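Encoded as C-alpha cells, the structure appears first; notes follow it.
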Amino acid sequence: MHNDISEILFTEKQLADRVGEIGAAITRDYADAADEGIILISVLRGAAIFMADLARKIELPLEMDYMAISSYGNGAKSSGVVRILKDLSSQIEGRHVIVAEDILDSGLTLTYLLKNLSSRQPASIEVATLLRKKTLAQAKIDCKYIGFECPDEFIVGYGLDYAERYRNLPYIGILKPEIY
Ligand code: 5GP
Ligand code: MG
Ligand code: MG
C-alpha cells in the first residue's frame, strides 16, 4: 500500500467485480436501445479510468466521448456553476446517453451537467457513478447505476486525484489528512 494512504476502501478486485456487474446491467438494460446508439460520456479527468473499464464490460455497440469542465470560484467545495472547457465531439440528439461519473459528493457539478445535456434532446439520459459519498447535503440526482457508497473522507485512486497525483493507484483509498 502507498505510504500516503491510511486505508484501502476498495481493492482492485472489488472494483473490477463491481464494474463488471454494472457493465452487465447496462448490457441488459440497453439491449433494445442499440439502434438509436449508445454514447458513454465522461467528465475529464477523474472518470476516465472508470469509463474505460466500464466500456469494455458493455457488450453492445457504443461510442465514447469526453467533456472537460471547470468549476467557478476557488475553495475545495464545488459551486455548481461550471464552465465548459471542452465540449462533446458528437451530437447526442436522439441517442441514449450514459454519463459515467467518478464520485458524487454534493452533486452540484452533475446537476449542472445533466441540465446542459438534457437540453440537447437525447433519447434518454442516465448516470453511472462509481462512488457516492454518504453526505447529508446532497443534490437529489437519480443515479441508475451506483458502484459503491463511500464515507465522507477524501479519497484517491482509480482515477481520483489529489493535486493530480494518485490517479494511477489501482485501488481506492483514504488519503492521510496530513498530506493535504
Ligand atoms: P460535487 O459537485 O458532486 O460536489 O463534486 C464532484 C467532484 O468533486 C467529483 O467528480 C470529484 O472530481 C471531486 N471530488 C469529490 N469528492 C472527492 C474525493 O473524496 N476525492 C477526490 N479525489 N475528488 C473528489
Ligand atoms: Mg467527476
Ligand atoms: Mg480532482
Side-chain angles (χ1 to χ4, degrees), residues 1-12 14-15 18-19 22 26 39-55 64-89 92 97-118 125-180:
M1 182 165 83
H2 194 292
N3 227 344
D4 299 349
I5 302 296
S6 65
E7 186 192 330
I8 293 180
L9 291 176
F10 307 107
T11 64
E12 191 170 1
Q14 285 173 308
L15 290 167
R18 191 72 189 108
V19 171
I22 296 173
I26 291 174
I39 180 157
L40 266 184
I41 294 174
S42 79
V43 176
L44 298 171
R45 294 175 246 183
I49 289 183
F50 169 51
M51 188 166 100
D53 284 347
L54 179 63
M64 297 161 79
D65 204 350
Y66 306 89
M67 283 177 88
I69 61 180
S70 112
S71 296
Y72 277 114
N74 29 36
K77 285 270 167 236
S78 73
S79 63
V81 183
V82 306
R83 190 159 54 100
I84 295 176
L85 302 178
K86 182 220 167 286
D87 206 342
L88 297 173
S89 301
I92 61 170
V97 170
I98 303 172
V99 178
E101 253 296 21
D102 49 358
I103 183 166
L104 209 58
D105 186 4
S106 72
L108 290 172
T109 311
L110 196 55
T111 299
Y112 167 85
L113 194 71
L114 290 175
K115 209 170 131 197
N116 179 294
L117 294 175
S118 299
I125 180 161
E126 297 289 354
V127 176
T129 187
L130 179 64
L131 301 161
R132 188 169 69 178
K133 270 193 186 173
K134 289 198 197 102
T135 314
L136 289 176
Q138 194 167 70
K140 280 271 164 287
I141 293 178
D142 278 329
C143 282
K144 189 157 188 189
Y145 309 99
I146 299 171
F148 300 100
E149 302 277 352
C150 72
D152 194 8
E153 307 264 7
F154 195 79
I155 64 179
V156 294
Y158 195 70
L160 290 158
D161 74 309
Y162 171 66
E164 297 306 324
R165 287 186 61 204
Y166 310 106
R167 291 193 199 276
N168 60 327
L169 294 179
Y171 50 82
I172 286 177
I174 298 176
L175 191 64
K176 288 179 181 167
E178 61 261 36
I179 307 295
Y180 56 93

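Predicted model, so just to flag it, every value in this text is computed and none were measured. As the structure lists them, so they are numbered: ligands from 1, and atoms in each ligand from 1. Residue numbers count from 1 along this sequence.
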* Asked: Short list, please: which atoms of ligand 1 are under 4.0 Å from a heavy atom of Ser106?
  -> 1 (P), 2 (O), 3 (O), 4 (O)

* Within the structure, does Leu160 bring an N/O atom to less than 3.5 angstrom of an N/O atom in ligand 1? -> no

* Asked: Checking side chain to side chain contact (heavy atoms under 4.5 Å, CB included) against Ile5, which of Ile174, Ile179, Leu169 comes through?
  -> Leu169

* Determine whether any heavy atom of Gly107 lies closer than 4.0 Å to an atom of ligand 1. => yes

* Would you mind listing which atoms of ligand 1 come within a distance below 4.0 Å of any non-hydrogen atom of Glu101? => 10 (O)

* Ligand-residue contact atoms, ligand 1 with Thr109, heavy atoms, under 4.0 Å -> 1 (P), 2 (O), 5 (O)

* Where ligand 1 meets Ile155 - atom numbers and elements under 4.0 angstrom, heavy-atom basis -> 18 (C), 19 (O), 20 (N), 21 (C), 22 (N)

* Determine the minimum heavy-atom distance between Asp102 and Ala47, stating which atoms define it. => N-CB, 3.6 Å

* Structure fact -> the Mg ion (ligand 2) has as its nearest N, O or S atom from Asp102 the atom OD1

* Asked: How does Asp102 reach ligand 1, by side chain, by backbone, by both or by neither, if only non-hydrogen atoms under 4.0 Å count?
  -> side chain

* Distance from Phe154 atom CZ to Leu160 atom CG, nearest 0.5 Å? -> 7.5 Å

* To do: Specify whether His2 and Tyr166 have parallel, tilted or perpendicular ring planes, treating 30° as the upper limit for parallel and 60° as the lower limit for perpendicular.
  => perpendicular

* **Whether Phe10 and Phe148 hold their rings parallel, tilted or perpendicular, with breakpoints at 30° and 60°** => parallel

* Structure fact -> For the Mg ion (ligand 3), protein N, O or S atoms at a distance below 2.8 Å amount to 1

* Of the non-hydrogen atoms in Thr11 and Tyr171, which two are nearest, and what is the gap between them? -> CA-CB, 4.1 Å

* Closest to the Mg ion (ligand 2), which N/O/S atom of Glu101 is it? -> OE1

* Nearest atoms (heavy-atom pairs only) where Asp65 meets Ile39 -> CB-CD1, 4.0 Å

* Asked: Which atom pair, heavy atoms only, marks the closest approach of Arg18 to Gly147?
  -> NE-O, 2.7 Å

* Within less than 4.0 angstrom of ligand 1, does Tyr162 place any heavy atom? -> no

* **Donor-acceptor pair between Tyr158 and Asp53 side chains, under 3.5 angstrom** => yes

* Structure fact -> Smallest heavy-atom separation, Leu15 atom then Pro170 atom, equals CD1-O, 3.6 Å

* In Å and rounded to the nearest 0.5 Å, what is the NZ to CD1 distance from Lys144 to Ile125? -> 13.0 Å

* Asked: So is Asp161 close enough to ligand 1, meaning a heavy atom under 4.0 angstrom away?
  -> yes

* Looking only at heavy atoms, is any part of Glu153 under 4.0 Å from ligand 1, and if so is it the side chain, the backbone, or both, or is it neither? -> backbone

* Ligand-residue contact atoms, ligand 1 with Lys133, heavy atoms, under 4.0 Å -> 16 (N), 17 (C), 18 (C), 19 (O)

* Asked: What's the verdict on side chain to side chain contact (heavy atoms under 4.5 Å, CB included) for Arg45 and Asp161, showing C-alpha distance, side-chain angles and the deciding distance?
  -> CA-CA 9 Å; Arg45 294 175 246 183; Asp161 74 309; over 6 Å; no

